[in-house]
Amino acid sequence: MLGERISEYRRRLEEAKDRLEEPEQALILELIRDLETLAEENKNLKTAVLGHTKKSIMSSRLRDALME
């Protein structure tokens with residue numbers, strides 16, 4: 001889901017390259033890379049939390065909220 005959105009951002013950046021100056025292109029690309037990094041960190045945190053929940057009891061509401 002988020003991976004699709006990131007791919008869409010990359011595609012849109014490619015389309016807009018001829019209308020953007022180099023500093024703007026670099027900034028947008030940096031933001032996309034940061035988004036990819038944060039998405040991966042979020043995935044890892046969810047995995048860690050869910051792994052921990054199997055060892056301890058967590059309310060289903062909290063678990064459901066973390067999965068969103």
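We're numbering straight along the sequence, starting at 1.
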Answer yes if Leu29 and Leu2 sit in the same cluster of Ile, Leu, Val, Met, Phe, Trp and Tyr residues linked by side chain heavy atoms under 4.5 Å apart, and no otherwise.
yes
Can you tell me how far CG of Asn42 sits from OG1 of Thr47, rounded to the nearest 0.5 angstrom?
9.5 Å
Nearest 0.5 Å, please: how far is CD in Glu41 from CG in Asp34?
9.5 Å
Let me check something: do Leu20 and Tyr9 share a hydrophobic cluster, defined by ILVMFWY side-chain heavy atoms less than 4.5 Å apart, either directly or through other members?
yes
Could you measure the distance from the CD1 atom of Ile6 to the CZ atom of Arg33? Nearest 0.5 Å is fine.
12.5 Å
Evaluate the side-chain proximity of Ile28 to Ile32: yes if any heavy-atom separation is below 4.5 Å, no if none is.
yes
With a sphere of 6.0 Å drawn around CD of Glu4, does it hold more than 12 non-hydrogen atoms of other residues, nucleotides or ligands?
no
Is there a salt bridge (Lys or Arg N to Asp or Glu O under 4.0 Å) between Lys17 and Glu14 once you walk through the steps?
CA-CA 5 Å; Lys17 274 193 171 182; Glu14 285 298 318; 3.2 Å; yes
Exactly one of Arg10, Arg5, Arg11 clears side-chain hydrogen bond (donor to acceptor under 3.5 Å, both in side chains) with Glu8, and that residue is Arg11
